[in-house]
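Input: a single structure, listed below in structure tokens.
Per chain, numbering begins at 1; letters A, B, ... match sequence-line order. These figures come from a predicted structure and were not determined experimentally.
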2 protein chains.
Amino acid sequence: MASAVIDFNALRKSCASCALAQLCLPASIGAEGLTRLDELVQQRKPADRGTTLFDTGGRQSKLYVVRSGSFKTFVDLPDGDHQVLGFHFPGDLLGLDALPSEVHRCNAQALERSMVCEVPFNELSNVASKLPGLQQQLYRVMSDEFAREQEHMVMMGRRQAPARLAIFLHSLSERRRRLGLDPLELNLSMSRQDIANYLGLVIETVSRLMGRFQSAGVLDVERRIVHIRDMDALRALAHAGDAADGMLKSASSS
Amino acid sequence: MASAVIDFNALRKSCASCALAQLCLPASIGAEGLTRLDELVQQRKPADRGTTLFDTGGRQSKLYVVRSGSFKTFVDLPDGDHQVLGFHFPGDLLGLDALPSEVHRCNAQALERSMVCEVPFNELSNVASKLPGLQQQLYRVMSDEFAREQEHMVMMGRRQAPARLAIFLHSLSERRRRLGLDPLELNLSMSRQDIANYLGLVIETVSRLMGRFQSAGVLDVERRIVHIRDMDALRALAHAGDAADGMLKSASSS
DNA sequence: CGTTCATTTGATGCCGCTCAAGCAGTGTGG
DNA sequence: CCACACTGCTTGAGCGGCATCAAATGAACG
């Protein structure tokens with residue numbers, strides 16, 4: 001389905017040949033380090049849509065790196081509802097919430113057929129303690145994960161629904177850009193339900209806002225494919241305290 | 001085993017004599033490890049209300065441990081507003097967002113006169129790589145930090161304002177309990193404005209809800225001192241999808 | 001072609017935001 | 001010690017945005 005520009009022939013077993021190496025743990029360690037890291041990394045079979053990498057309460061402390069596809073992490077709430085915590089794309093790490101010998105506090109589920117690398121955390125930690133470069137990179141990706149959660153909270157703190165959706169879409173675009181993909185062409189692998197939950201809204205509101213964004217000429221929405229027509233407008237909407245809502249007020253001028 | 005009594009005379013310079021040792025980095029490292037850790041830890045002068053430990057953009061990658069008092073972390077938004085990310089009490093770590101040689105992505109400000117320990121992160125990392133116990137504890141507190149952020153997101157995902165406030169108050173209570181303090185007696189060192197911002201609400205809503213909680217016999221609110229009268233009711237409110245709102249409908253049980 | 005599920009679209013009502021005024025605790029200068 | 005201003009919080013009235021309920025449409029699949 002997705003005509004990803006990734007060369008799957010290059011996605012072999014070794015980290016050295018991985019297209020994501022610069023985003024992932026191997027960044028900034030030498031050839032010898034790579035060899036030792038390679039010994040730890042376990043490849044997994046493709047995870048089909050709906051299967052989970054780990055579930056709440058699980059005790060396996062492994063680190064997962066998304067190679068292709070996408071995942072969502074979420075917690076189950078006492079009232080039977082969910083809360084989606086995040087979406088994860090190639091290069092992202094999963095499993096940081098259970099370092100080391102702790103229990104997972106959330107679930108990680110594939111949104112589509114996806115591939116991951118799997119690293120036993122304790123062994124990784126051992127190797128990292130002898131490879132300063134790897135250790136540093138490990139801290140860095142953890143720090144990045146903190147930054148991502150902070151972004152989520154900033155988004156949730158914004159009261160107006162249009163700003164939340166705009167921030168979300170802009171964030172997806174940024175992440176695609178970082179992966180070397182077209183930042184204007186979003187492929188929403190998650191359902192509207194997941195998006196709404198992630199944003200603290202209901203599904204109807206998300207749907208309506210998508211429509212309004214489209215009418216305003218900001219987006220082209222076609223089912224799960226979203227094309228960003230006006231990035232500046234999207235940014236304006238994202239940063240709007242209360243302003244910039246004018247561009248959505250039905251009047252389809254300009 | 002551990003006596004619940006905090007002896008303030010024991011709050012001397014060394015980690016070994018610190019009342020927070022079991023919550024902090026020294027947990028589960030031996031005497032020799034403690035000595036090496038002590039060499040890294042720098043004591044700081046008391047931080048007065050309003051002073052910042054670090055600011056957005058700062059490049060000093062240090063770790064801070066709150067010894068007494070409290071802090072808030074927050075980001076500045078383009079429109080001049082803030083977003084409060086969290087509140088931090090004794091035993092909590094600050095500065096994890098700038099590991100290592102990255103820039104801080106938020107500000108940390110004292111809410112009252114507070115004390116912190118300060119550890120240069122790079123040196124801590126070096127020592128930790130030779131002390132598996134310390135390394136593991138470092139990962140653990142980072143993992144805890146992830147868990148705390150997840151709780152925040154769950155809270156923000158709840159639509160109903162009463163549930164958000166109840167979750168917040170209950171969380172504060174839990175944190176006091178973990179510190180060996182009375183979990184029923186909350187001392188809100190942060191302003192209503194900070195609370196409202198943290199919860200994604202406005203100050204008036206927080207104020208009204210405090211009033212309603214008090215009328216319902218759940219709380220005793222007196223300025224910044226909040227006494228929890230009915231912990232079960234507070235929990236019920238926290239987990240309420242939509243139910244349990246009944247207990248707030250004006251006339252209530254004596 | 002019919003069933004099912006995801007998404008869109010519409011109508012209505014409530015919760016929480018906005019605007020505005022009142023109040024208590026704190027500090028300052030006379 | 002009191003008058004005054006100031007800041008942080010509470011309380012009230014009114015409105016609007018988003019949730020809720022309900023139904024239609026469209027895509028996916030056997």
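The pair A:Glu112-A:Arg49 fails the salt-bridge criterion, with no side-chain N (NZ, NE, NH1 or NH2) lying under 4.0 Å from an Asp/Glu carboxylate O. A salt bridge links B:Arg158 with A:Asp81: the closest approach of a Lys/Arg side-chain nitrogen to an acidic carboxylate oxygen falls below 4.0 angstrom.
We find that CZ of A:Arg164 is positioned 10 Å from C1' of D:dC18, with the value rounded to whole Å. The separation between A:Arg212 atom CZ and C:dT8 atom P is 15 Å, rounded to whole Å. Spacing between atom CG of B:Leu111 and atom P of D:dG8 amounts to 13 Å, rounded to whole angstrom units. As a whole-Å value, the separation of B:Leu165 CG from C:dC15 C1' is 15 Å. Taking atom CG of B:Asn197 as the reference point, atom P of C:dC17 lies 12 Å away to the nearest angstrom. Atom pair A:Ile195:CD1 and C:dA6:P shows a separation of 14 Å (rounding to whole Å applied). Atom P of nucleotide C:dT8 and atom CG of A:Leu209 are separated by 11 Å, given to the nearest angstrom. Put simply, CG on B:Asp194 is 17 Å from P on D:dT7, counting in whole angstrom units.
The two atoms that bring A:Asn107 and A:Val75 nearest to each other are ND2-CA, 4.2 Å, heavy atoms only.
Environment of CD in A:Gln42: crowded, with over 12 heavy atoms of neighbouring residues, nucleotides or ligands closer than 6.0 Å. More than 12 heavy atoms of other residues, nucleotides or ligands lie within 6.0 Å of CD in B:Glu185, so this atom counts as buried by the packing criterion.
Of the possible donor and acceptor atoms, none in the side chain of B:Arg176 sits under 3.5 Å from a partner among the backbone N and O of B:Leu181. No donor-acceptor pair under 3.5 Å is formed between the side chain of A:Thr52 and the backbone N or O of A:Asp55.
OP1 or OP2 of D:dC18 has at least one side-chain nitrogen or oxygen of A:Gln160 nearer than 4.0 Å.
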Please write out the pairs of protein N or O atoms and N or O atoms of nucleotides 10-12 of chain D separated by less than 3.5 Å, giving the distance to one decimal.
| residue | atom | partner | partner atom | Å |
| --- | --- | --- | --- | --- |
| D:dT10 | OP1 | B:Arg192 | NH2 | 3.0 |
| D:dT10 | OP2 | B:Arg192 | NE | 3.0 |
| D:dT10 | OP2 | B:Ser207 | OG | 2.8 |
| D:dT10 | O5' | B:Ser207 | OG | 2.9 |
| D:dG12 | N7 | B:Arg208 | NH1 | 2.7 |
| D:dG12 | O6 | B:Arg208 | NH2 | 3.3 |

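No close placement of the A:Tyr64 and A:Phe71 rings is indicated, their centers lying 6.0 Å or farther apart. Separation of the B:Phe74 and B:Tyr198 ring centroids does not fall under the 6.0 Å cut-off.
When heavy atoms are screened at a 4.0 angstrom cut-off, A:Arg224 is found touching the sugar-phosphate backbone but no base atom.
The C1' atoms of five pairs define one axis at each end of the helix from C:dC1-D:dG30 to C:dG30-D:dC1, and these two axes lie 40° apart (to 10°).
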